[in-house]
Peer 1: 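Have a look at this one.
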Protein chains: 2
Amino acid sequence: MGDKRIPQIPLPTLKRLPVYYQYLTRQARKGVTDISCASIAKAMGLVAVQVRKDLQLTGAVGRPKTGYRLKELLEALERTLGYDNKTEMFLVGVGSLGKALLHYRRFGDYNIGIAAAFDVSEDVIGTEIDGKPVLPFRKFPSLCRRLHVKFGIICVPAEAAQEVANIMVSSGIEAIWNFAPITLELPDMVIVHNENLTASLSILLKKYKTQHTGSERE
Amino acid sequence: MGDKRIPQIPLPTLKRLPVYYQYLTRQARKGVTDISCASIAKAMGLVAVQVRKDLQLTGAVGRPKTGYRLKELLEALERTLGYDNKTEMFLVGVGSLGKALLHYRRFGDYNIGIAAAFDVSEDVIGTEIDGKPVLPFRKFPSLCRRLHVKFGIICVPAEAAQEVANIMVSSGIEAIWNFAPITLELPDMVIVHNENLTASLSILLKKYKTQHTGSERE
DNA sequence: TAGATTGTTAATCGATTAACAATC
DNA sequence: TAGATTGTTAATCGATTAACAATC
């Protein structure tokens with residue numbers, strides 16, 4: 001009652017796990033079969049203890065002297081991150097960013113797919129992007145319910161984002177990847193993850209300025 | 001000596017500041033002139049003390065009872081985040097993501113611009129995207145030095161990213177926004193900010209799965 | 001003056017790091 | 001056995017939150 005479900009995995013760890021996964025798949029492709037925390041940490045610019053603690057949360061077990069079986073480790077990460085089940089998403093807003101995401105092939109490696117895209121502009125409706133149909137947005141609710149899609153991607157301008165989000169949620173969407181630079185107001189059960197490119201770029205900018213002007217005062 | 005320059009602003013705060021800024025510019029456009037931490041916090045899903053502490057780091061001062069002058073607050077944020085000086089960037093890799101970034105107009109609001117784009121493919125070289133020329137990558141070093149560009153954006157495939165980064169750095173680039181899903185190995189003075197879309201999507205996926213299967217065990 | 005809100009110091013919380021034991 | 005590496009408990013560090021004083 002009033003259960004604010006706390007994720008077992010702390011957010012900082014959760015942010016690192018997919019990056020480990022990406023690195024480890026690359027190592028696996030190179031033929032590596034066993035790997036130690038120290039070598040993962042080195043490649044990632046972290047310390048070994050942190051990697052070990054993080055991996056512990058996936059349930060993976062390593063062996064003294066040789067480290068982790070890479071295959072087991074990848075499986076543990078796949079289970080933890082949910083790559084072991086297919087995830088279908090609907091994307092709304094086929095502007096340049098929406099198109100870029102529709103073209104992005106890498107999601108498939110994680111068992112994630114964009115099933116269809118939606119827009120209100122006649123210019124894009126009816127087209128196909130990388131094999132995915134672009135449909136009129138008014139068809140979103142019925143299709144969403146019919147196909148039981150739970151994940152939505154918002155790539156519309158900021159002004160339209162809240163309205164699109166509302167329609168998504170009333171259509172059964174339970175998790176939203178939001179590229180519009182606004183804070184969506186939605187029921188608590190809906191999971192929102194914001195991707196704010198400008199905000200992210202600002203961080204780089206500030207880090208640079210800090211380093212290059214940081215010593216004039218103190 | 002051995003000065004590992006510590007940023008005055010803690011990273012969690014630095015991540016929130018641009019989001020405040022975006023919200024505040026929208027409020028300013030609506031005609032709001034004074035604003036309290038409480039109202040900012042509410043719109044952002046945070047608590048007022050946190051907002052106040054964050055804003056303190058920008059040097060902005062508020063007044064009891066009425067809060068902050070919105071105009072002053074925006075100026076303080078602009079100074080803190082470096083929006084008050086023009087920043088020019090070079091982008092490498094004109095695939096779908098690179099194109100999306102070239103089309104993205106919002107950067108201009110922050111005094112950030114992409115001066116030119118580079119690629120090795122004849123298909124895109126010589127074209128213009130949103131007024132920005134796409135040039136052969138071999139011209140990167142000379143142009144970069146000539147124009148004193150310090151910011152680079154990497155939108156090439158993972159396999160090519162390290163090499164592109166190396167060339168960037170040897171051409172005078174000092175800060176890199178990296179969209180390739182690998183950890184770049186570069187000199188310490190170079191600032192790297194990774195934008196890992198797949199990793200980010202994984203976080204949403206995991207949060208969803210945690211909430212929707214989290215109660216079966218405990 | 002009373003009330004709202006900022007500014008600031010102290011307490012809490014959680015993640016990272018250090019230290020060390022266990023084990024192949 | 002010696003050495004490398006995992007696993008785990010304790011110490012540290014830093015950010016968030018709470019409490020309260022200052023002020024318009």
Side-chain angles (χ1 to χ4, degrees), chain A residues 4-20 24 27 32-77 80 203 206-207 210, chain B residues 4-20 24 27 32-77 80 203 206-207 210:
Chain A
K4 213 181 185 181
R5 226 168 254 139
I6 289 144
Q8 310 88 316
I9 298 184
L11 192 59
T13 295
L14 180 50
K15 286 180 178 170
R16 287 186 296 266
L17 291 181
V19 186
Y20 297 155
L24 294 170
Q27 292 309 106
V32 175
T33 58
D34 294 83
I35 198 157
S36 72
C37 290
S39 60
I40 298 172
K42 181 149 184 289
M44 227 109 257
L46 304 171
V47 293
V49 207
Q50 188 167 45
V51 174
R52 194 148 53 240
K53 273 223 157 183
D54 287 345
L55 295 181
Q56 220 127 63
L57 293 167
T58 67
V61 274
R63 289 163 311 163
K65 193 123 163 119
T66 53
Y68 297 83
R69 284 247 164 76
L70 188 43
K71 193 159 162 287
E72 288 175 13
L73 194 48
L74 285 171
E75 284 165 2
L77 281 162
T80 306
I203 297 168
K206 176 60 180 175
K207 281 185 184 166
T210 302
Chain B
K4 211 181 187 181
R5 228 168 251 139
I6 287 144
Q8 311 88 317
I9 298 184
L11 191 59
T13 296
L14 181 51
K15 286 181 179 172
R16 286 187 296 265
L17 292 181
V19 185
Y20 297 154
L24 294 170
Q27 292 309 107
V32 176
T33 58
D34 294 84
I35 198 157
S36 70
C37 289
S39 61
I40 299 172
K42 182 151 184 288
M44 226 111 255
L46 303 171
V47 293
V49 207
Q50 187 165 46
V51 174
R52 193 151 51 241
K53 275 225 154 183
D54 286 346
L55 294 182
Q56 221 127 63
L57 294 168
T58 67
V61 274
R63 289 164 310 163
K65 192 125 163 118
T66 53
Y68 298 81
R69 283 247 165 75
L70 188 42
K71 193 161 160 288
E72 288 176 14
L73 194 47
L74 285 171
E75 284 165 4
L77 280 163
T80 306
I203 296 168
K206 177 58 180 177
K207 282 184 183 165
T210 301

Peer 1: Measure from CD on B:Glu72 to P on C:dT6 and round the result to the nearest Å.
Peer 2: 14 Å
Peer 1: Would you give a per-nucleotide map of nucleotides 17-24 of chain C, 5' to 3', where B means the base has a protein non-hydrogen atom under 4.0 Å away, S means only the sugar-phosphate does, and - means neither?
Peer 2: B-----BB
Peer 1: Bend angle of the helix from C:dG3-D:dC24 to C:dC24-D:dG3 from five-pair axes at both ends, rounded to 10°?
Peer 2: 10°
Peer 1: From the set D:dT5, C:dT16, D:dG7, return the single nucleotide nearest to any side-chain atom of A:Ser36.
Peer 2: D:dT5
Peer 1: Figure out the CD1/C1' separation between A:Ile40 and D:dT6, and round it to whole Å.
Peer 2: 12 Å
Peer 1: How close do B:Cys37 and B:Tyr68 get, counting heavy atoms only, and between which atoms?
Peer 2: SG-CE1, 3.4 Å
Peer 1: Do any side-chain nitrogens or oxygens of A:Arg69 fall under 4.0 Å of OP1 or OP2 in D:dT6?
Peer 2: no
Peer 1: Distance check needed: C:dT8 C1' versus B:Leu55 CG, whole Å only.
Peer 2: 15 Å
Peer 1: Minimum heavy-atom separation for B:Leu14 to B:Ile9, with atom names?
Peer 2: N-CG2, 3.8 Å
Peer 1: Using every non-hydrogen atom in the two residues, find where B:Val47 and B:Ala41 come nearest and quote the distance to one decimal.
Peer 2: C-CB, 3.5 Å
Peer 1: Kindly give the heavy-atom pair with the smallest separation between B:Arg16 and B:Asp54, and that separation in Å.
Peer 2: NE-OD2, 2.7 Å
Peer 1: When the distance from CG of B:Asp54 to P of C:dG7 is rounded to whole Å, what number comes out?
Peer 2: 13 Å
Peer 1: Could you tell me whether the side chain of B:Lys15 and the main chain of A:Ile203 form a donor-acceptor pair under 3.5 Å?
Peer 2: no
Peer 1: Can you tell me the distance, in whole Å, between the CG atom of A:Leu14 and the C1' atom of C:dG14?
Peer 2: 16 Å
Peer 1: Nearest whole angstrom, please: distance from the P of D:dG14 to the CD1 of B:Ile9.
Peer 2: 16 Å
Peer 1: If you take all heavy atoms of B:Ile35 and B:Leu73, which pair is closest and at what distance?
Peer 2: CG2-CD2, 4.1 Å
Peer 1: Provide the closest heavy-atom pair for A:Thr58 versus A:Leu55 in the form atom of the first, atom of the second, distance.
Peer 2: OG1-O, 2.5 Å
Peer 1: Nearest whole Å is fine: how far is D:dA15 C1' from B:Lys15 NZ?
Peer 2: 13 Å
Peer 1: Choosing from C:dT8, C:dA15, D:dG7, which nucleotide comes nearest the side chain of A:Gln56?
Peer 2: D:dG7
Peer 1: Could you state the OH-C1' distance from B:Tyr68 to C:dA4, rounded to the nearest angstrom?
Peer 2: 14 Å
Peer 1: Kindly write out the residues that satisfy salt bridge (Lys or Arg N to Asp or Glu O under 4.0 Å) with B:Arg52, not counting sequence neighbours, or none if the list is empty.
Peer 2: none
